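Note that the structure is predicted; figures quoted are calculated from it, not measured. Start at 1 and go down the list; that is how both ligands and their atoms are numbered.
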Amino acid sequence: MSASASSSPSIEHVRRKLAERFRNGGIDSAELDARLLTGDVLGLDLTGMIAAAGRMLTSSESDRLESFAQRRLAGEPVARILGRKEFWGLSLQLSPATLVPRPDTETVVELALQILRAGASDRPLWIADLGTGSGAILLALLSELPQARGVGTDISTAALQTAAANAARAGLAHRAGFVACEYASGLSGPFDLIVSNPPYIRSADIAGLATEVRDHDPPAALDGGADGLDAYRALIPQAANRLAPGAALVVEAGQGQSADIEALMNAAGLMPAWPPKADLAGVWRAVAGQKSPP
Ligand SMILES: C[S@@+](CC[C@H](N)C(=O)[O-])C[C@H]1O[C@@H](n2cnc3c(N)ncnc32)[C@H](O)[C@@H]1O
């Protein structure tokens with residue numbers, strides 16, 4: 001970076017060269033990653049970068065961007081380098097203990113909102129998010145539902161600290177609480193909605209994951225046991241016992257897991273009242289079950 005910066009170090013030139021290095025390094029999202037990293041170093045959004053395209057980088061900006069570039073080329077995701085990720089319009093801080101929230105998980109938020117809004121939508125709501133990580137799902141729901149309060153649980157106290165900081169940053173701390181426990185075991189309910197995106201990767205598949213995931217997401221956020229379903233076996237009966245009559249459990253499913261999850265929900269007495277929802281790739285990503293209505 002320093003060499004190219006000294007020959008023609010305008011923002012636009014540096015951003016294009018970085019994208020080219022990322023493409024040559026086999027990074028699929030080369031253009032986007034180059035734009036995000038360059039923008040972060042300069043403190044500029046896309047519009048600001050276009051407006052300042054001809055401005056030269058300072059040497060400290062060049063050095064910082066080169067350090068980011070090397071981390072990205074070594075397989076570190078942009079979100080980890082920046083320490084934050086956008087989810088449902090919220091800018092969420094990350095820590096080593098939190099999963100990087102994925103766009104697919106917005107499917108869980110969409111299905112949960114669809115279910116809640118089909119009912120009486122202005123009554124107070126009490127929501128639980130099991131395995132909350134950065135707080136992504138809970139905070140997205142609270143941002144949409146001003147009459148709702150919620151609690152996020154996690155076995156990682158470090159993740160819960162990050163989630164609580166994210167709640168404060170989003171102006172939602174007065175409606176969000178966080179509890180360290182195994183899924184719903186420390187909660188009493190009854191809840192009007194329970195959501196969860198638990199670890200669901202088969203243990204044997206973890207070694208073959210992309211380095212961005214395997215080496216940078218916390219193992220406790222990934223490993224779902226031998227068949228990937230351990231977390232669902234633990235949390236579905238717990239959730240079923242803590243739902244209000246007629247209320248929904250909505251969980252994220254890994255590819256090919258939706259039928260198994262529906263069977264576990266059925267065994268716990270939850271009915272398939274709403275069809276699963278597919279993500280943008282056509283994977284059945286959000287699965288819901290309903291506690292018997294009163
Ligand atoms: C796949 S991550 C999801 C994080 C966040 N909900 C999201 O969607 O971005 C799973 C989360 O479950 C937590 N977790 C793993 N085992 C758990 C358990 N037994 N009880 C509670 N949380 C658990 C992990 O620490 C991690 O934060």
Subset of ligand 1 atoms that lie under 4.0 Å from at least one heavy atom of Ile155 | 14 (N), 15 (C), 16 (N), 17 (C), 18 (C), 19 (N), 20 (N), 21 (C), 22 (N), 23 (C)
Applying a 4.0 Å heavy-atom criterion (strictly less than), which segment of Pro218 is in contact with ligand 1: side chain, backbone, both, or neither?
-> neither
Identify, with sequence neighbours excluded, every residue that meets ring-ring contact (aromatic ring centres under 6.0 Å, His included) alongside Tyr183.
-> none
At a 4.0 Å cut-off, with the gap strictly under it, does some heavy atom of Thr153 reach an atom of ligand 1?
-> no
Atoms of ligand 1 close to Pro198 [distance to a heavy atom under 4.0 angstrom, numbered from 1] | 1 (C)
Which residue owns the protein heavy atom closest to atom 15 (C) of ligand 1, what's the atom, and how far is it?
-> Ala220 O, 3.2 Å
Side chain or backbone of Ala221 under 4.0 Å from ligand 1, or both, or neither, by non-hydrogen atoms?
-> both
Of all protein heavy atoms, the one nearest atom 5 (C) of ligand 1 is Thr132 O, 3.3 Å
Any side-chain donor paired with an acceptor under 3.5 Å for Gln114 and Glu110?
-> no
Give the atoms of ligand 1, by number and element, whose distance to some non-hydrogen atom of Cys181 is under 4.0 Å.
-> 20 (N), 21 (C)
State whether Arg72 and Glu212 are salt-bridged, where the test is any N-O pair (Lys NZ or Arg NE/NH1/NH2 against Asp/Glu carboxylate O) under 4.0 Å.
-> yes
Does atom CG of Leu46 have more than 12 heavy-atom neighbours, drawn from other residues, nucleotides or ligands, at distances under 6.0 Å?
-> yes
Within 4.0 Å of some non-hydrogen atom of Asn197, the atoms of ligand 1 are 1 (C), 2 (S), 3 (C), 7 (C), 8 (O), 10 (C)
Check each heavy atom of Asp154 against ligand 1 and say whether those closer than 4.0 Å belong to the side chain, the backbone, both or neither.
-> both
Which of the atoms in ligand 1, numbered in the order shown and given with their element, are less than 4.0 Å from a heavy-atom of Thr105?
-> 8 (O)
Checking heavy atoms under 4.0 Å, the part of Ala234 that sits near ligand 1 is neither
N/O of Asp129 under 3.5 Å from N/O of ligand 1, yes or no?
-> no
Any link between Leu130 and Ile201 through a network of hydrophobic side chains (Ile, Leu, Val, Met, Phe, Trp, Tyr) touching at under 4.5 Å?
-> yes
Can you tell me which residue pairs pass the salt bridge (charged side-chain N to carboxylate O under 4.0 Å, His left out) test with a partner in residues 36-51, sequence neighbours excluded?
-> Asp40-Arg64, Asp40-Arg84
Side chain, backbone, both or neither: Thr98 near ligand 1, heavy atoms under 4.0 Å = neither
Atom indices of ligand 1, in the order listed, that fall short of 4.0 Å to a heavy atom of Glu182 | 19 (N), 20 (N)
Step by step, work out the side-chain hydrogen bond (donor to acceptor under 3.5 Å, both in side chains) result for Ser203 and Asp223.
-> CA-CA 6 Å; Ser203 304; Asp223 194 340; 2.7 Å; yes
Under 3.5 Å, N or O to N or O, is Tyr183 touching ligand 1 that way?
-> yes
Identify whether the distance between the nearest side-chain nitrogen and carboxylate oxygen of Asp227 and Arg233 falls below 4.0 Å.
-> yes
List every atom of ligand 1 that sits less than 4.0 Å from any heavy atom of Gly131, numbering the atoms from 1 in the order shown and giving each element.
-> 3 (C), 4 (C), 5 (C), 6 (N), 11 (C), 12 (O), 13 (C), 22 (N)
Shortest non-hydrogen contact from Pro199 to Ala220?
-> CG-O, 3.3 Å
Inspect the surroundings of CG in Asp28 and state if more than 12 heavy atoms from other residues, nucleotides or ligands are less than 6.0 Å away.
-> no
Does the pair Glu12/Arg15 count as a salt bridge with the N-to-O cut at 4.0 Å?
-> yes
